[in-house]
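Residue numbers count from 1 along this sequence.
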Amino acid sequence: MRYFASARELASAESEAVTVPVGSSVRDLARMLEEAHPALSSLRGSLKFSVNFDVAELGTALNEGDEVGVLPPVAGG
């Protein structure tokens, strides 16, 4: 797991290793992260995720060794 920008601040971590059950999706991981880092729930619904540097949907299946990025919303024009 790698946290970026405000997600890093809310999780109080830049990165961490997370083990998920076989068959887990990004959605499952998001729930686990909110339990581990309750402050992340303030960004619920607006966090984006990447898996192995590609933007991922919540239904994306996770596999052993995947690198997941947690991306907060970005403002700008």
Straight-line distance of [X] [atom1] to [Y] [atom2], nearest 0.5 Å:
X: D28; Y: L62; atom1: CG; atom2: CG; result: 8.0 Å
X: T60; Y: R27; atom1: OG1; atom2: CZ; result: 9.5 Å
X: S42; Y: E34; atom1: OG; atom2: CD; result: 9.0 Å
X: K48; Y: S50; atom1: NZ; atom2: OG; result: 12.5 Å
X: R2; Y: F53; atom1: CZ; atom2: CZ; result: 7.5 Å

Note to self: Which residue in the set N63, V68, L29 passes side chain to side chain contact (heavy atoms under 4.5 Å, CB included) when paired with V20?
What the structure shows: L29
Item checked: ILVMFWY network linking M32 to L58, side-chain heavy atoms under 4.5 angstrom -> yes
Margin query: Do V18 and F4 sit in one hydrophobic cluster, given that two such residues count as connected whenever their side-chain heavy atoms are within less than 4.5 Å of each other, even indirectly?
Written below: no
Margin query: Evaluate L40 against Y3 for side-chain contact (heavy atoms from CB on, under 4.5 Å), listing each step before the verdict.
Written below: CA-CA 11 Å; L40 283 173; Y3 298 96; 4.1 Å; yes
Next item on the list: With side-chain contact (heavy atoms from CB on, under 4.5 Å) as the test, would you mind laying out the steps for L71 and F49 before giving the verdict?
Entry: CA-CA 6 Å; L71 313 162; F49 295 87; over 6 Å; no
Over all heavy atoms of both residues, which pair between [X] and [Y] is shortest? Give the atoms and the distance, please.
X: L47; Y: P72; result: CD2-CA, 3.8 Å
X: A11; Y: H37; result: O-ND1, 3.2 Å
X: P21; Y: S24; result: O-OG, 2.6 Å

Next item on the list: Just do the side-chain contact (heavy atoms from CB on, under 4.5 Å) check on E64 and V22 with the steps written out, would you?
Entry: CA-CA 8 Å; E64 185 173 341; V22 173; over 6 Å; no
Checklist line | Sidechain-backbone polar pair: D66 side chain, V51 backbone, donor-acceptor under 3.5 Å | finding: no
Check: Is the number of heavy atoms from other residues, nucleotides or ligands within 6.0 Å of CD (E57) greater than 12?
Finding: no
